[in-house]
Enquirer: 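Take this structure, written in structure tokens, and hold onto it; I'll ask about it next.
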Amino acid sequence: VMLITMGVFWLLSILMSMWMSRLTMRPILRSWGRQTEFVGNAAHELRTPLTIIQNKLELLLTKPNDKIIDQAENIAIASSESQRLQKLTQDLLALARSDSNTLQTNFEATHVAQFLDRTVEPYTEIAASQGKKLVMEPVADFKATLDQNLIHQLMNILIDNAMKYSPKGSTITVTAKLVNRKWQLIVADQGIGIQLADRKRIFDRFYRVDTSRSRQTGGNGLGLSIAQWIVSLHHGTIAVRDNQPHGSQFVATLPLNPENGLTSRHEKKPK
Ligand code: ADP
């Protein structure tokens, strides 16, 4: 009886320790799973343009007597895929920096209206070349402490998306407002809009509402997760809402002085 009781206790203690170790291992396993998923997604995204470039180069090598016009088309496709690769590697590097918290930020007091004018100006030409209008609405005179490079990158992502997902003839509006000791950067478009169910997920890494459309427009599904990281480095938030009568409005709400009263430097990483 003693032996059986000891055996049962021994078995129970093994089962208990297995259950406990599962509990302690769970967060590690989960983050490992996320990491593996990220690497898998990144590899998948890299593979497609690489395969296209490889195919086009092989065609050029094996069929040197093809018509010049066909050769030029193959070169153009290879070149646009290599641009996609370049953008993808830049985005992956930004996310690696966000994961390792190794980015050196440079916060400085900035006249928001002037800074936005300067930043938006080059995009008006790009929009015009696509038959769209980019309008900078008047902004009140106020200063905010921000990292100019990062906010420039944030605006690049939001304006680029607004242009990608809206039709010719439409207008994209950029503005900034002071709201309760914070400021808001708003980029609004008259494009295809975003369904309620997708709004939470669009900030996830590699998430795209319509993969084929996003690929056609050169998207990799990383832009908004980088946007969210930039906003969180400024201790702000970012949200999307409907634009009237249609389209989307991205609103980044940022403190006027993100460095004030901070006790923790833990930034929310992109999902
Ligand atoms: P992508 O590189 O695919 O544009 P993002 O992370 O920037 O990746 O955006 C994620 C997805 O959110 C996009 O694939 C698109 O489906 C949707 N999206 C982003 N911005 C807009 C917008 N202004 N209008 C409509 N859909 C948008």
Side-chain angles (χ1 to χ4, degrees), residues 34 37-38 41-42 44-49 80-99 120 123-124 126-127 130-137 150-175 184-233 237-252 268-271:
R34 269 204 299 264
E37 188 189 340
F38 177 72
N41 281 333
H44 179 79
E45 291 298 322
L46 289 164
R47 197 173 52 190
T48 316
S80 102
E81 291 300 316
S82 109
Q83 276 170 20
R84 181 196 290 280
L85 273 183
Q86 197 177 17
K87 165 94 178 54
L88 184 63
T89 36
Q90 275 166 1
D91 287 354
L92 289 173
L93 270 175
L95 288 174
R97 277 196 206 106
S98 87
D99 285 348
V120 168
Y123 294 97
T124 50
I126 302 173
Q130 297 177 8
K132 295 161 198 170
K133 215 159 111 185
L134 179 60
V135 178
M136 175 79 219
E137 284 189 347
L150 288 173
I151 297 296
H152 191 144
Q153 199 181 345
L154 168 70
M155 292 177 68
N156 178 20
I157 294 166
L158 298 181
I159 295 173
D160 191 47
N161 276 350
M163 292 199 282
K164 277 195 310 205
Y165 301 107
S166 52
K168 272 190 179 164
S170 65
T171 302
I172 294 135
T173 323
V174 179
T175 192
Q184 285 186 327
L185 170 68
I186 304 168
V187 178
D189 64 62
Q190 301 171 330
I192 58 172
I194 301 166
Q195 302 263 315
L196 220 57
D198 290 310
R199 290 193 191 165
K200 276 194 209 119
R201 303 200 55 198
I202 53 170
F203 295 97
D204 291 357
R205 292 175 182 188
F206 296 109
Y207 186 78
R208 293 174 274 210
V209 176
D210 179 345
T211 315
S212 60
R213 185 189 180 113
S214 163
R215 244 198 85 75
Q216 270 169 27
T217 51
N220 57 30
L222 293 177
L224 286 180
S225 61
I226 294 172
Q228 191 175 54
W229 167 59
I230 293 173
V231 167
S232 68
L233 280 174
T237 53
I238 184 162
V240 61
R241 57 190 187 207
D242 282 331
N243 194 29
Q244 294 309 330
H246 53 87
S248 325
Q249 244 189 51
F250 281 84
V251 184
K268 190 176 164 199
K269 286 177 197 144
K271 283 180 256 170

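Indexing begins at 1, ligand by ligand and atom by atom, following the structure's order. Index from 1, following the sequence. Values below: all heavy atoms of this structure, side chains included; hydrogens, waters and symmetry mates excluded.
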Enquirer: What I want to know is whether Ser225 and ligand 1 share at least one N or O pair that is separated by under 3.5 angstrom.
Expert: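 The answer is no, given that Ser225 and ligand 1 share no N or O pair closer than 3.5 Å.
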
Enquirer: From the options Phe206, Phe203, Phe250, Tyr165, select the one whose nearest heavy atom is closest to atom 14 (O) of ligand 1.
Expert: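 It is Tyr165 whose heavy atom sits nearest to atom 14 (O) of ligand 1.
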
Enquirer: Quick test: of every protein heavy atom, which one is nearest to atom 3 (O) of ligand 1, and how far off is it to 0.1 Å?
Expert: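 Looking at atom 3 (O) of ligand 1, the protein heavy atom closest to it is Ser214 OG, 2.6 Å.
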
Enquirer: Would you mind listing which atoms of ligand 1 come within a distance below 4.0 Å of any non-hydrogen atom of Gly193?
Expert: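 Per the distance check, 25 (C).
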
Enquirer: Pull out every atom of ligand 1 sitting under 4.0 Å from any heavy atom of Lys164, numbered as shown with elements.
Expert: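 In order of numbering, the contacting atoms are 1 (P), 2 (O), 4 (O).
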
Enquirer: Would you kindly say whether Tyr123 and Asn156 are connected by a side-chain donor-acceptor distance under 3.5 Å?
Expert: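 There is such a pair between these side chains.
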
Enquirer: Heavy-atom distances under 4.0 Å decide this one: backbone, side chain, both or neither, for Ile194 against ligand 1?
Expert: side chain

Enquirer: Check this for me - ligand 1, Asn220, N or O atoms closer than 3.5 angstrom, yes or no?
Expert: yes

Enquirer: Working to the nearest 0.5 Å, report the span between CG of Asp242 and NE2 of His246.
Expert: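 These two atoms lie 11.5 Å from each other.
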
Enquirer: Consider side-chain contact (heavy atoms from CB on, under 4.5 Å). Of Asp189, Leu224, Val174, which one does Leu158 pass it with?
Expert: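 It is Leu224, the one option of Asp189, Leu224, Val174 that forms the side-chain contact (heavy atoms from CB on, under 4.5 Å) with Leu158.
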
Enquirer: Assess the residue pair His152 and Ile230 against the criterion (side-chain contact (heavy atoms from CB on, under 4.5 Å)); give the C-alpha distance rounded to whole Å, side-chain angles, the decisive distance to 0.1 Å, and a yes or no.
Expert: CA-CA 10 Å; His152 191 144; Ile230 293 173; over 6 Å; no

Enquirer: Just need the protein heavy atom nearest to atom 6 (O) of ligand 1, so name the residue and atom and give the distance.
Expert: Leu224 N, 2.8 Å

Enquirer: Does only the side chain of Ile192 get under 4.0 Å from ligand 1, or the backbone, or both, or neither? Count heavy atoms.
Expert: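 Side chain only; the backbone of Ile192 stays clear of ligand 1.
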
Enquirer: Testing Asn161, Leu134, Val135, Asn243 one by one against Ile172 for a side-chain contact (heavy atoms from CB on, under 4.5 Å), which residue passes?
Expert: Leu134

Enquirer: Around atom 7 (O) of ligand 1, find the nearest protein heavy atom and jot down its residue, atom name and distance.
Expert: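 Answer, as residue, atom name and distance: Asn161 ND2, 2.8 Å.
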
Enquirer: What's the spacing between Ile157 CD1 and Leu222 CG if we round to 0.5 Å?
Expert: 9.5 Å

Enquirer: Counting C-beta onward and ignoring hydrogens, is there a side-chain heavy-atom pair between Phe38 and Asn41 closer than 4.5 Å?
Expert: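 Side-chain contact under 4.5 Å: no.
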
Enquirer: Can you find a non-hydrogen atom of Gly221 under 4.0 Å from ligand 1?
Expert: yes

Enquirer: Under 4.0 Å, counting heavy atoms only: does Ala227 come that close to any atom of ligand 1?
Expert: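 So Ala227 does not count as touching ligand 1.
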
Enquirer: Which ligand 1 atoms, with their elements, are less than 4.0 angstrom from a heavy-atom of Val209?
Expert: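 So the answer, numbered in order with elements, is 14 (O), 16 (O).
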
Enquirer: Considering the heavy atoms of Leu222, write down every atom of ligand 1 situated less than 4.0 Å from one of them.
Expert: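 Here the atoms of ligand 1 in question are 6 (O), 8 (O).
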
Enquirer: If we ignore hydrogens and angles and just use 3.5 Å, is the side chain of Arg199 paired with the main-chain N or O of Arg241 as donor and acceptor?
Expert: no

Enquirer: Side-chain contact, heavy-atom cut-off 4.5 Å: Phe203 with Val231?
Expert: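 Answer no - side chains too far apart.
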
Enquirer: Under 3.5 Å between any N/O of Gly219 and any N/O of ligand 1: does that happen in this structure?
Expert: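 Among all N and O atoms of Gly219, none is under 3.5 Å from an N or O of ligand 1.
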
Enquirer: For ligand 1, which atoms sit closer than 4.0 Å to a heavy atom of Arg208?
Expert: 3 (O), 14 (O)

Enquirer: Which of the numbered atoms in ligand 1 are under 4.0 angstrom from any heavy atom belonging to Gly223?
Expert: 5 (P), 6 (O), 7 (O)

Enquirer: Would you name the heavy atoms of Arg208 and Asn220 that are closest together and state the gap between them?
Expert: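 So the minimum-distance heavy-atom pair works out to NH1-CA, 3.4 Å.
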
Enquirer: Please write down residue, atom name and distance for the protein heavy atom closest to atom 23 (N) of ligand 1.
Expert: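 For atom 23 (N) of ligand 1, the nearest protein heavy atom comes out as Asp189 OD2, 2.9 Å.
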
Enquirer: Quick one: are Thr171 and Gln190 in side-chain contact, heavy atoms under 4.5 Å?
Expert: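 A side-chain contact exists here, since the closest heavy-atom pair is under 4.5 Å.
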
Enquirer: Considering non-hydrogen atoms of the protein only, which is the closest contact for atom 12 (O) of ligand 1, and what is the distance?
Expert: Ile202 CG2, 3.3 Å

Enquirer: What is the nearest protein non-hydrogen atom to atom 11 (C) of ligand 1, stated with its residue, atom name and distance?
Expert: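 Result: Tyr207 O, 3.8 Å.
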
Enquirer: Once you round to the nearest 0.5 Å, how far does CZ of Arg97 lie from CH2 of Trp229?
Expert: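 So the gap between those two atoms works out to 7.0 Å.
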
